[in-house]
Amino acid sequence: MADGTDTKSSNQMWGGRFASGPAAIMEEINASIGFDKKLFAQDIRGSIAHATMLAHQGIISTEDKDKIVHGLNTILSEIEAGNFEFSRSLEDIHMNVESRLAALVGPAAGRLHTARSRNDQVALDFRLWVKEELQKCEQALTGLIAAFLDRAEEHADTVMPGFTHMQTAQPVTFGHHCMAYVEMFGRDRSRVRHAIEHMDESPIGAAALAGTGFPIDRHMTAKALGFREPTRNSIDTVSDRDFAIEFLSIAAIAGMHLSRLAEEIVIWSTPQFGFVRLSDAFSTGSSIMPQKKNPDAAELVRAKTGRINGSLVALLTIMKGLPLAYSKDMQEDKEQVFDAAESLELAIAAMTGMVRDMTINAARMKAAAGSGYSTATDLADWLVREAGLPFRDAHHVTGRAVALAESKSCDLADLSLAELQAIHPDITDKIFSVLTVEASVASRKSFGGTAPSEVRKQIAFWRARN
Ligand code: ARG
């Protein structure tokens, strides 16, 4: 059968497991319309800019240009209204649009493809799409940063344990911890901004790979499409997917940050920690264990990171063996980017909601902050400052105090002055003022430190930076 769906037409030797003949298999592997229809708006915008430039340069007539532009706008409304029939035999979005244009405006449609190729057309459409996606990410990250700034402000004085090796290290403030995420997502946002800068060049007019003999004006199309300038090398233009890989790299790094946050939320919301309580909106119950409140949204954010990493590795692998310029392998770039973009957008939105909605249990945080001898460093620092001990000796003395407290199952602050003086005679009762968690955090006023006064400076910095 002409459409290749007849089993009898499949190859006698190797066609046994295929329900269809070579033509249908070819169509199935070749067609990208199933996913690149997502690029319809970019494709139409690009074609309108191209046709307008062709007419301005006298390459096509104004009448033809008007017909083309009118037809393209009709197609845009048809697709937006869901009244457009996409055809797989027309392969991709570019040919689907062009074929419909021919049906709508007749021979003028055939002039649209003058001085361009699907190679520069797809590079343009995809770049426009990725650029818009990066702009969305910038907005979304700004929203997440704002959520953290609000929580940091609210909890600039809330003491919690700081961890290294997941062991209680020194007391910090929850506000300070929130600001660590502001730094991380702030770097992601600046990577997004740089990527927009990098990719802000228009591919259209590179044609198949060598440019064109028609007197086109690539600066005009670049400007019309909101790019800073046209790309400079036509071979590179049609073979480059760095903009997509850069997007995926940024997404992978941001995803890694989101996943670390997700992991902390999972830990903090366990009954054993009880630092935070997730809102009902971002957790689920168990069908069998009524006491449970599961952090599903955080877990799924943690998992989405795996998909994003997979997309990055997939596209790097697709590209790494390709000779210049365009090869059909590059058609496989889109699904990776679309999937990663969806995962990233969703993960940022879910995290923003979770951070804004979660209830902080300051009492639990404070109790945990004081356990595990978290102010041991403060004791050692006091010995250096007040008793003039070298830090290494102070560390040793403090270790003995911790061992004593441990043997008595009490906190450092519960040891008596006599017990402490037995360890080192220069210790006075002033030591007790540094052994509380509040005194500990308030003393850490070094630039970027955890003292509430410093945390407030960090918040002010980021509020002004937005
Ligand atoms: N669907 C193709 C893609 O996504 C468009 C470019 C096809 N160019 C070609 N010469 N076959 O890459």
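Just so you know, ligand 1 is whichever comes first in the structure, and atom 1 is the first atom listed for that ligand. When a residue number appears, it is its place in the shown sequence, counting from 1.
- Atom 12 (O) of ligand 1 has Tyr326 OH, 2.4 Å as its closest protein atom, hydrogens excluded (heavy atom only).
- The shortest N or O to N or O distance between Arg241 and ligand 1 is not under 3.5 Å.
- Of all atoms in ligand 1, numbered sequentially from 1 with element shown, those under 4.0 Å from a heavy atom of Asn119 are 8 (N), 9 (C), 10 (N).
- Here is the list of ligand 1 atoms found below 4.0 Å of a heavy atom in Gln331: 1 (N), 2 (C), 3 (C), 4 (O), 12 (O).
- When all heavy atoms are compared, the tightest approach of His50 to Ala115 is CE1-O, 3.7 Å.
- A salt bridge is defined here as a Lys NZ or Arg NE, NH1 or NH2 lying under 4.0 Å from an Asp or Glu carboxylate O, and Arg456 with Asp157 meets this definition.
- The ligand atoms of ligand 1 that sit less than 4.0 angstrom from a heavy atom of Asp92 are 1 (N), 2 (C), 5 (C).
- Applying the ring-ring contact (aromatic ring centres under 6.0 Å, His included) test to residues at least two apart or on different chains, the pairs with a partner in residues 107-144 are Phe126-Phe243, Trp129-Phe338.
- Salt bridge Glu454/Arg444: absent, no basic N to carboxylate O contact under 4.0 Å.
- Residue His94 touches ligand 1 through its side chain alone, judged by heavy-atom distances below 4.0 Å.
- The atoms of ligand 1 that sit less than 4.0 Å from any heavy atom of Ser32 are 1 (N).
- For the residue pair Glu264 and Tyr181, a side-chain donor N or O sits within less than 3.5 Å of a side-chain acceptor on the partner.
- Looking at Lys334 against ligand 1, only its side chain comes within 4.0 Å, counting heavy atoms.
- When all heavy atoms of Pro230 and Glu201 are compared, the pair lying nearest together is C-CB, 4.2 Å.
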